[in-house]
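The structure under discussion appears below in the form of structure tokens.
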Amino acid sequence: MSENLNNESNYSAKNIQVLEGLEAVRKRPAMYIGDISEKGLHHLVNETVDNSIDEAMAGFCSHIEVTINEDNSITVQDNGRGIPVDEHKKLHKSALEVVMTVLHAGGKFDKGSYKVSGGLHGVGVSCVNALSTHMKSQVFRDGKIYQQEYEKGKALYPVKVVGTTDKQGTRQQFWPDPTIFTTTVYQYDIIARRMRELAYLNAGITITLTDMRPAEDGTIRQEQFHAREGLKEFVRFIDRHRTHLFDDVIYLKTEKQGVPIEVAVMYNTDYSENIHSYVNNINTIEGGTHLVGFRKALTLTLKKYADNEPAIAKQIEKAKIEIAGEDFREGLTAVISIKVAEPQFEGQTKTKLGNSEVAGAVQQAVSEALSNYLEEHPKEARQICDKVVLAATARIAARKARESVQRKNVMSGGGLPGKLADCSNKDPKQCEIFLVEGDSAGGSAKQGRDRYTQAILPLRGKILNVEKVMWHKVFESESVMNIIQSIGVRFGVDGEGDKEANIDKLRYDKIIIMTDADVDGSHIDTLIMTLFYRFMPKIIQEGHLYIASPPLYLCTYKNKVKEYCYTEQQRLAFIDKYGNGVEDANIHTQRYKGLGEMNPDQLWETTMDPSKRLLKQVSIENAAEADEIFSMLMGDDVGPRREFIETNAIYANIDA
């Protein structure tokens with residue numbers, strides 16, 4: 001007791017740690033860039049490119065070059081105005097040094113410098129500097145090359161002139177700190193996705209991405225991203241694997257109430273709604289006021305048109321249906337991009353726009369543009385309205401199918417599927433459910449599980465491809481309804497639309513897809529992920545969906561050493577270690593063809609035990625890309641699907 005009192009009495013000013021400069025960033029990097037894994041590593045590129053994009057949005061930059069160097073450093077160069085290098089009056093340092101070494105310093109905080117800024121959502125290039133072992137800044141201004149270098153955020157020397165040039169702009173090169181990041185190897189495809197997105201969102205700008213790390217055949221990979229028509233090209237890119245209702249893009253680019261607004265819309269013959277919204281180039285995955293304004297305009301404008309067209313009004317009356325807002329959005333793909341001077345972000349991941357004034361501006365702009373389009377294109381307007389009536393009919397049929405199943409379950413008692421082996425713990429935060437492929441694996445999982453916290457739901461055969469069927473067919477599927485009822489998701493409750501999934505009563509914190517480590521298993525993974533992405537996206541957004549990683553092999557040596565291998569590389573490493581690269585009578589490899597081949601204790605030990613298992617969390621980092629991939633994988637177009645599988649074959653476990 002006296003020791004505790006002593007500790008308390010010694011608590012004084014000297015115990016208060018003041019982190020100067022960028023030390024706070026190095027001390028708590030995840031606070032500034034999200035995490036220190038692959039996601040955070042790539043965030044450094046985005047932060048650096050953001051500065052160049054700000055110059056482009058202000059009208060001073062037309063070309064950005066991003067290079068992954070052979071040593072995994074990154075170079076970003078633009079042809080903008082170049083970061084100012086004159087002395088900062090308050091800090092008595094070059095403005096370049098202030099931007100690079102002081103947190104929250106930069107032109108974006110001065111309303112006169114940038115009207116809007118994409119980087120406002122981020123933390124700036126100073127954080128990139130802080131989290132790099134080395135960084136070199138070069139500014140091309142007034143015919144001179146100004147340079148300064150840094151180590152872990154600290155300047156090595158004052159800004160100096162190192163040469164002359166006829167260029168204008170800024171060049172940044174940085175080497176991420178391996179003592180901070182779990183990986184420092186950049187993935188070309190991750191950077192390419194963001195650069196492509198930025199090119200679509202900023203029409204006319206050219207972004208060149210080069211990977212200087214040679215491929216196996218010695219070639220250097222390079223792509224150039226440029227979209228002359230901006231969102232028009234973006235929406236076509238997202239929708240390219242779907243069958244269009246008509247080929248037109250409904251497009252607008254305007255400014256209302258001081259808010260620049262750009263929207264592109266296409267209708268397809270599918271049954272899902274795909275709206276992707278951006279604010280200052282930031283993907284607002286959780287939506288916000290701009291999305292509210294868009295949806296309201298779409299509903300009111302189309303409803304008004306339908307009411308005023310006698311043939312359509314008669315069709316709706318004859319069908320005895322009431323059109324809901326969600327019916328107008330079925331088969332819709334849209335991209336909304338707005339620029340806001342001072343955006344207010346909220347929501348779980350700070351990707352939801354909260355500015356109230358934006359809703360009215362977007363609603364006004366979309367209403368005007370859509371009204372004009374419908375008046376000028378009566379044939380396409382009729383096709384949209386026919387699609388809406390079909391959607392309403394399917395929605396009502398889906399509600400009846402759902403209610404019928406629910407009534408049947410209530411009559412039979414319990415309301416939960418008979419196949420579900422539930423856990424005894426009733427606290428959802430401590431519980432998880434495994435969606436298991438097949439009755440055989442389901443049996444092993446039931447025997448091997450922790451009955452207190454783990455529930456098992458066996459799934460028989462491949463579940464429905466929800467990408468290609470109408471809504472009511474989904475709720476007529478036994479496998480789908482078993483999943484929905486087991487996890488506790490409800491539709492059409494608390495004033496929400498019939499298609500809005502309510503997950504307030506979610507019965508498990510983790511929903512884990514557990515399938516065989518083969519092609520069929522991967523296909524079932526994709527089918528189940530598609531179900532959640534299209535019907536219950538909040539489950540993915542809030543981090544509840546996972547994929548289990550069962551081992552491919554059980555490797556043994558002289559019956560003394562036993563090791564589970566999850567990849568072919570691990571198996572070969574085992575053989576190298578114990579058999580000098582050769583399998584013989586002493587190195588035995590058992591290939592698991594399916595989960596059902598494992599004993600319950602093996603399944604627990606390798607795949608279900610929380611202290612040992614490997615889980616992949618399903619996330620939607622880029623909603624537009626996820627939408628495009630799902631529509632391609634689950635669609636009718638065989639060519640792109642085959643190309644995707646062949647390109648990614650290194651990640652798949654394909655039996656000979």
Side-chain heavy-atom pair Ile511, Leu506 within 4.5 angstrom cut-off: yes
Contacts of Asp516 meeting side-chain contact (heavy atoms from CB on, under 4.5 Å) (sequence neighbours excluded), chain-then-number -> Glu437, Asp518, Leu595
Calculate, to the nearest 0.5 Å, the distance between atoms CD1 and CD belonging to Ile207 and Glu197 respectively. 10.0 Å
Measure across Val128 and Leu44 and return the closest heavy-atom pair with its distance rounded to 0.1 Å. CG2-O, 3.6 Å
Determine, step by step, whether Phe535 and Val489 satisfy the side-chain contact (heavy atoms from CB on, under 4.5 Å) criterion, reporting the C-alpha distance in whole Å, the side-chain angles of both residues, the deciding distance to 0.1 Å, and the verdict. CA-CA 10 Å; Phe535 281 73; Val489 170; over 6 Å; no
Side-chain donor or acceptor of Asp239 paired with backbone N/O of Val235 under 3.5 Å: no
Ile68 side, atom CD1; Ile191 side, atom CD1 - distance, nearest 0.5 Å: 4.0 Å
Identify all side-chain donor-acceptor contacts of residues 227-234 below 3.5 Å with residues at least two apart in sequence or on another chain.
unit_1	atom_1	unit_2	atom_2	d
Glu233	OE2	Arg228	N	3.0
Glu233	OE2	Glu229	N	2.8

Option among Leu552, Leu614, Thr607 that satisfies the side-chain contact (heavy atoms from CB on, under 4.5 Å) test with Tyr566: Leu614
Pairs flagged by salt bridge (Lys or Arg N to Asp or Glu O under 4.0 Å) wherever residues 173-182 is involved - sequence neighbours left out: Arg26-Asp177
Pairs satisfying salt bridge (Lys or Arg N to Asp or Glu O under 4.0 Å), at least one member in residues 58-80, at least two apart: none
Would you please name every residue forming a salt bridge (Lys or Arg N to Asp or Glu O under 4.0 Å) with Glu262, sequence neighbours left out? none
Under 3.5 Å, is there a donor-acceptor pair between the side chain of Asn283 and the main chain of His276? no
Which distance, rounded to the nearest 0.5 Å, do you find between the CD1 of Ile83 and the CD of Gln138? 12.0 Å
With heavy-atom distances below 4.5 Å as the criterion, would you say the side chains of Glu55 and Thr170 are in contact? no
Sequence neighbours excluded, the answer for ring pair (Phe, Tyr, Trp, His ring centres under 6.0 Å) partners of Tyr508 is none
Could you pull out all residues at least two apart from Arg613 that satisfy salt bridge (Lys or Arg N to Asp or Glu O under 4.0 Å)? Glu432
How far apart are the closest heavy atoms of Asp35 and Gly40, and which atoms are they? OD1-N, 2.8 Å
What pairs meet the side chain to side chain donor-acceptor pair (under 3.5 Å) rule with one or both residues in residues 211-220, with sequence neighbours excluded? Asn72-Arg213, Asp211-Arg213, Asp217-Thr219
Any side-chain to backbone donor/acceptor pair from Thr67 onto Thr210? Under 3.5 Å, distance only. no
Heavy-atom side-chain proximity of Phe294 to Val265 below 4.5 angstrom: yes
Does Asn355 reach the main-chain N or O of Thr289 with its side chain, forming a donor-acceptor pair under 3.5 Å? no
Under 3.5 Å, side chain of His544 to main-chain N/O of Lys510, donor-acceptor pair present? no
Does Glu326 offer a backbone N or O that forms a donor-acceptor pair with the side chain of Glu273 under 3.5 Å? no
Ile547 and Met529: CA distance, side-chain angles, deciding distance, side-chain contact (heavy atoms from CB on, under 4.5 Å) verdict: CA-CA 9 Å; Ile547 297 176; Met529 283 191 289; 3.7 Å; yes
Test: Asp189 and Arg196 ion pair at under 4.0 Å: no
Nearest 0.5 angstrom please: Glu151 CD to Ser132 OG, how far? 11.5 Å
How long is the straight-line distance from OG1 of Thr333 back to CZ of Arg240, given to the nearest 0.5 Å? 12.5 Å
Please say which of Thr515, Thr530, Leu435 ends up in a side-chain contact (heavy atoms from CB on, under 4.5 Å) with Asp525. Thr515
Mind checking what makes side-chain contact (heavy atoms from CB on, under 4.5 Å) contact with Glu330, not counting sequence neighbours? Tyr271, Lys387, Ala391, Trp471, Lys499
With rounding to the nearest 0.5 Å, note down the distance linking CE in Met100 to NZ in Lys136. 12.5 Å
Could you tell me whether the side chain of Leu353 reaches within less than 4.5 Å of the side chain of Pro343, counting heavy atoms only? yes
Got Arg194 and Val49 here, is their nearest side-chain heavy-atom distance under 4.5 Å? no
I want to check something: taking the side chain as every heavy atom from C-beta on, are Ile33 and Phe181 in contact at a cut-off of under 4.5 Å? yes
Side chains of His226 and Thr206: donor-acceptor distance under 3.5 Å anywhere? yes
Step by step, would you call Met57 with Asn281 a side-chain contact (heavy atoms from CB on, under 4.5 Å)? CA-CA 10 Å; Met57 288 198 292; Asn281 298 319; 3.5 Å; yes
Checking Thr269, Leu332, Asp270, Asn268 against Leu245 for side-chain contact (heavy atoms from CB on, under 4.5 Å), the one that qualifies is Thr269
Does the side chain of Ser62 pick up a donor-acceptor pair with the side chain of Asn79 at under 3.5 Å? yes
Contacts of type side-chain contact (heavy atoms from CB on, under 4.5 Å), residue Ala297, not counting sequence neighbours: Gln363, Val366, Ser367
Would you say the side chain of Tyr188 lies within less than 4.5 Å of the side chain of Glu223, judging by non-hydrogen atoms? yes
Show your working on side-chain contact (heavy atoms from CB on, under 4.5 Å) between Met536 and Leu545 and close with a plain yes or no. CA-CA 10 Å; Met536 299 166 275; Leu545 189 62; over 6 Å; no
Is Leu41 close to Tyr186 at the side-chain level, that is, under 4.5 Å between some pair of heavy atoms? yes
Give the minimum heavy-atom separation between Ala264 and Tyr251, together with the two atoms involved. CB-CD1, 4.1 Å
List the residues meeting side-chain hydrogen bond (donor to acceptor under 3.5 Å, both in side chains) with Glu38, not counting sequence neighbours, and say none if there are none. none
Crowded around Lys296 NZ? As in, over 12 foreign heavy atoms under 6.0 Å? no
Contacts of type side-chain contact (heavy atoms from CB on, under 4.5 Å), residue Ser277, not counting sequence neighbours: Thr284, His290, Ile336
